[in-house]
Amino acid sequence: MPKPLILRFDDIGAEMLPLVGGKAANLGVLTTAGFPVPPGLCVTTEAYRRVTERAGLEEVLATLATTAAGDVPALNALAAKARELVLTAPVPDDIASAVRDSANGPVAVRSSATAEDLPHASFAGQQDTYLNVIGADAVLDAVRRCWASLWTDRAVAYRAANGIDHDAVRLAVVVQEMVQSEVAGVMFTANPVTGRRREAVIDASPGLGEAVVSGAVNPDHFVVDTATGRITERRLGDKRLAVRSLAGGGVEHVETPASPVASPGSPKPAENACVTDAQLAALAELGDRVERHYGAPQDTEWAIDSGGVLWLTQSRPITTLYPIPHHAEPYTNPLSAPVGTGTGETGAPDSRPGGHEPDGTRIYFCFSLAQGLYRPITPMGMSAFRLLSSSVFEMLGIPVADRVAGAPVIAESGGRLFFDITGLMGGRVGRVAFPKVLDVMEARSAKVLRGLLDDPRFGVTQPSLRPPLRRAFRIASRFRVPQRAVRALLDPASAHRDVKVLDARLRRELAAPGDATPAQRLDHVERVLSRQVFPLLPTIAPAAAAGFAMLGLAAKALGGRVGPGELQTVLRGLPHNVTTEMDLALWRLATRIREDRETTSLLLGTPAAELAERFRAGSLPAVAQRGLADFLSVYGVRAVAEIDLGLPRWSEDPTHIVGVLANYLRLEDPALAPDALFAKGAAEAVLMIKTLSGRAGGLRGRFVRFALGRTRALAGLREMPKYAMVTALAAMRTELLAVGVELAARGLLSRADDVFFLTFREARAALAAVPSPPPYREAAAAATAGAARPAPADLVARRREEAARELRRRHVPRVLLSDGTEPEAVAVRTPVDGALTGTPASAGTVTGVARVVLDPVGAHLEPGEILVCPSTDPGWTPLFLTAGGLVMEMGGANSHGAVVAREYGIPAVVGVSGATEHIVTGQEVTVDGTSGAVTAT
């Protein structure tokens with residue numbers, strides 16, 4: 001049956017997206033639902049296909065497929081060529097006749113692309129719109145120009161940036177009855193700046209809405225609380241420009257006298273407001289109904305005609321909002337759930353808060369960011385955290401109903417892990433202690449949380465100190481925390497011996513029996529993660545805690561005798577840090593390789609991916625092959641973003657480490673050698689201890705010398721609890737890969753590592769199912785009486801796409817409220833004159849060329865360059881060895897990046913808001929690690 005060329009709004013459903021595009025699909029849905037949409041029709045993508053199939057776009061599409069998203073000049077040239085081809089392509093007679101027949105009266109002609117107005121990419125303003133089009137020939141011309149606008153520079157660049165295949169996009173065209181509006185504008189049903197849901201943000205201006213949409217006018221701006229109808233913000237613009245329809249077709253831009261601007265927050269409407277309070281209430285109510293219909297916040301366009309009738313001319317999802325975290329573990333049985341029911345753990349739908357929370361507004365803290373992890377966590381990685389959380393709660397004496405679902409505080413959103421800390425911040429201890437902990441881990445989050453303390457919604461609800469003290473005492477007694485700390489202070493060597501014994505035992509005991517079945521391996525993973533891993537923390541941490549306690553006591557003893565940055569100097573060249581030892585081991589390997597000219601030349605001249613492949617084949621030169629194998633036998637459990645067990649370890653894919661080795665080989669100045677810098681830092685630390693103890697003098701000085709000595713002997717162990725956990729996660733990854741091998745062998749997965757895009761429950765359900773005869777999907781579909789149901793492989797494919805979209809997300813909130821508000825977005829102000837400030841993390845001042853790095857894999861850092869990055873975990877630290885300084889958006893004075901920077905003696909400032917946006921690669925900057933300032937020079 002041939003596809004239709006024309007469809008009226010009444011005949012369009014949401015499932016017709018490939019035929020009518022996003023805009024027309026939404027208008028069809030709204031029309032069918034009874035919303036006040038001006039009548040119209042859609043010229044379908046079938047018309048576009050027939051017009052362009054002989055236009056000669058194949059060469060352009062082939063070139064676009066190989067053009068980098070950042071190559072703007074090349075993209076623009078290809079876009080121009082595509083537009084020309086479409087504009088000159090002949091239009092078949094039947095299509096031309098169908099379009100001409102649709103031209104009844106003044107109409108608006110709008111583009112409607114198949115990759116448009118989607119939940120993850122709105123494409124707002126990427127294609128063209130033509131208003132007040134009159135006459136058959138004019139409508140046909142406008143339709144042709146809309147087809148060509150699929151290839152505007154901005155549309156091509158947007159698709160390239162969002163990873164959307166140009167060849168897969170088609171364009172339909174909406175032809176809609178023109179509303180000759182007296183006033184029009186846009187309305188967001190959630191606040192796009194603060195993120196707050198249930199808050200309508202309305203911009204309005206006289207005339208057609210194009211003036212507001214295009215940004216050509218300073219409109220009236222209103223914020224309305226949807227729940228109460230109260231206008232919470234009223235800011236009147238000058239409205240110097242209006243777009244009006246011309247009698248013969250087209251529009252004109254009319255300048256109007258400037259209107260007096262009302263002050264922000266004015267409680268009463270000014271006389272020159274272009275909409276009344278009653279109209280604002282009607283708009284907010286309409287937006288609320290639209291949002292409820294879609295189940296997600298909407299970006300709408302509206303118009304009010306001369307008769308006072310309110311029309312809805314467009315609606316699309318607000319794609320910039322960060323989804324609100326959800327608590328319950330989304331579970332999709334991969335063998336029985338219909339397609340489209342639930343989005344899994346990496347793309348949960350945006351919930352609609354506002355009255356559904358029994359305990360009121362919640363506070364969510366992003367644990368992913370606190371761990372330096374911007375990228376989304378795999379579904380299996382998230383399942384691992386749920387199991388770990390159960391272990392934590394049970395250790396605290398709080399029973400968990402379902403270990404696999406995790407503790408009730410666990411929430412997730414956009415593939416990131418959040419904790420519901422509302423209860424913690426409601427306790428007298430938690431609201432003081434937790435921000436203090438974050439001061440040395442993630443200072444920006446601490447500042448945000450302290451800003452919430454005066455909010456009446458988050459007052460003290462747990463005034464008693466007894467419950468937290470009882471829990472702390474119980475844990476301390478169970479794990480002999482005081483005894484371990486005292487023993488470490490008296491005999492630091494015993495703490496180091498204990499760590500080595502624990503590391504050896506972990507590597508020996510974590511593997512399941514070799515003959516275990518896949519189901520037994522899942523049992524083993526559940527048991528280890530929910531019972532055995534987290535108790536490692538109170539076993540190892542007391543020694544490091546004792547070291548930092550000594551640092552604090554020394555600071556108190558010194559009082560005003562210590563200057564800025566002097567105590568940080570004591571932490572330079574800190575021994576016994578497993579991450580530092582790893583980096584130095586890799587440096588020593590580089591120095592051995594440098595002695596072999598042929599091997600050095602090979603590593604410097606060959607892509608890292610090819611070298612990694614040769615290593616796996618055992619064909620690297622002997623010094624590199626043996627050295628890398630030895631390194632990975634110890635540190636192969638690590639990875640970039642290593643807290644997600646769904647990501648490959650270095651032992652599986654050494655490409656990153658091979659690239660770092662090559663980077664080390666470029667460092668030729670002996671004075672900048674990492675081992676020399678480390679030794680220099682250690683010597684400076686020893687000298688500083690002598691200086692500070694001498695400055696204190698007498699008995700006080702002897703105590704300072706003892707305390708700071710113990711700090712250097714023990715504080716380096718702070719990395720060991722995480723290293724032990726990562727070792728356990730790597731072992732569990734191995735077990736889960738074995739499960740993936742079995743599922744792939746049954747035809748349920750495409751490859752073994754797809755198992756990490758299932759949850760723990762889903763993997764178990766897939767194992768328990770009776771394998772279907774091949775072909776699996778056809779058999780499964782037949783068994784469901786026509787209802788399409790996804791095999792695990794289909795579920796994995798969808799989640800991989802979701803993860804790819806989330807990887808492109810540039811902003812993740814540190815703290816998020818359950819009404820959608822991001823507190824930091826309300827409080828943070830743009831830095832003045834390019835000056836950036838943060839938390840001083842490693843003393844010293846350095847001026848150098850900035851290198852902005854968003855992903856360490858494959859990154860190259862010239863010696864002395866300033867590393868500017870969002871955050872770090874141990875996978876980043878090899879880059880520190882050649883860095884002249886560090887600027888980091890995340891972290892506090894005792895976060896991972898700060899500690900390593902101090903140990904390497906490089907000035908560092910962390911917690912710098914917007915650093916990767918305000919600083920550009922190649923810019924010369926000065927980093928003052930003592931004051932916390934970063935300035936352009």
Side-chain angles (χ1 to χ4, degrees), residues 117-122 124 162 188-199 201 226 287 290-299 315-332 340-357 361-370 373-379 381-383 385-386 406 409-422 445 448 644 757 759 798-826:
D117 293 356
L118 305 177
H120 61 277
S122 73
N162 283 275
F188 293 89
T189 67
N191 195 314
V193 176
T194 67
R196 185 179 179 189
R197 274 48 163 194
R198 311 290 289 145
E199 192 169 72
V201 178
T226 306
V290 174
E291 178 177 316
R292 289 183 185 279
H293 182 75
Y294 281 104
Q298 297 290 299
D299 168 7
S315 183
R316 63 172 72 90
I318 304 177
T319 59
T320 57
L321 293 175
Y322 196 84
I324 296 170
H326 57 281
H327 285 262
E329 179 192 27
Y331 172 52
T332 302
T341 61
T343 57
E345 293 182 309
T346 61
D350 193 2
S351 58
R352 281 178 40 86
H356 74 283
E357 297 134 352
T361 308
R362 316 298 295 176
I363 307 173
Y364 293 106
F365 168 70
C366 187
F367 182 76
S368 287
L369 284 190
L373 188 60
Y374 265 72
R375 64 174 295 137
I377 298 173
T378 59
M382 197 68 76
S383 285
F385 277 111
R386 290 183 177 278
V409 299
I410 289 286
E412 58 185 279
S413 174
R416 279 81 178 185
L417 179 63
F418 285 80
F419 291 157
D420 182 346
I421 60 169
T422 315
S445 294
V448 173
D644 181 1
F757 282 85
T759 67
R798 189 172 75 231
R799 287 179 177 167
R800 283 191 182 275
E801 290 177 1
E802 292 166 357
R805 288 197 296 269
E806 283 297 330
L807 276 171
R808 293 191 291 270
R809 189 187 290 276
R810 293 299 304 272
H811 175 71
V812 178
R814 286 167 171 75
V815 177
L816 190 65
L817 304 185
S818 58
D819 66 0
T821 303
E822 184 183 343
E824 191 176 29
V826 178

Take Arg798 and Glu801 through the salt bridge (charged side-chain N to carboxylate O under 4.0 Å, His left out) test and state the conclusion after the steps.
CA-CA 5 Å; Arg798 189 172 75 231; Glu801 290 177 1; over 6 Å; no
Walk me through it: do Ile377 and Leu417 pass the test side-chain contact (heavy atoms from CB on, under 4.5 Å)?
CA-CA 8 Å; Ile377 298 173; Leu417 179 63; 4.1 Å; yes
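- Within the 4.5 Å cutoff, the side chain of Arg362 has no heavy atoms near those of the Phe418 side chain.
- Across Val448 and Pro823, no two heavy atoms sit closer than the pair CG1-CB, 3.6 Å.
- The heavy-atom pair separating Ala411 from Pro325 by the smallest distance is CB-CB, 3.8 Å.
- Closest non-hydrogen pair, Pro297 versus Thr189, comes out as CA-OG1, 3.3 Å.
- The distance from the CG atom of Leu816 to the CD1 atom of Ile363 is 11.0 Å, given to the nearest 0.5 Å.
- A distance of 4.5 Å separates CD in Glu806 from CZ in Arg416, rounded to the nearest 0.5 Å.
- Under 3.5 Å, the side chains of Thr361 and Asp819 contain no donor-acceptor pair of N or O atoms.
- When ring centroids are compared, His327 and Tyr364 come within the 6.0 Å threshold.
- With Thr759 contributing its side chain and Ser383 its backbone, the two residues share no donor-acceptor pair below 3.5 Å.
- Under the ring pair (Phe, Tyr, Trp, His ring centres under 6.0 Å) criterion, His811 pairs with no residue, sequence neighbours left out.
- With respect to Asn191, the side chain to side chain donor-acceptor pair (under 3.5 Å) criterion is satisfied by exactly one of Glu199, Arg197, Arg198, Arg196: Glu199.
- Scanning for salt bridge (Lys or Arg N to Asp or Glu O under 4.0 Å) contacts around Arg375 gives an empty result, with sequence neighbours left out.
- Residue Glu412 holds its CD atom at 9.5 Å from OG of Ser368, rounded to the nearest 0.5 Å.
- For the pair Gly414 and Pro376, the tightest heavy-atom approach, listed with the atom from each and the gap, is O-CB, 3.8 Å.
- Ring geometry for Phe367 against Phe385 counts as perpendicular: the plane angle is over 60°, on a 0 to 90° scale with 30° as the lower cut.
- Closest heavy-atom contact between Gly415 and Met382: O-CE, 3.5 Å.
- Heavy atoms only, all atoms of each residue included: Tyr322 and Ser413 are closest at OH-O, 2.7 Å.
- The distance from atom CG of Leu369 to atom OH of Tyr374, rounded to the nearest 0.5 Å, is 5.5 Å.
- A donor-acceptor distance shorter than 3.5 angstrom exists from the side chain of Gln298 to the backbone of Ala296, with no hydrogens or angles considered.
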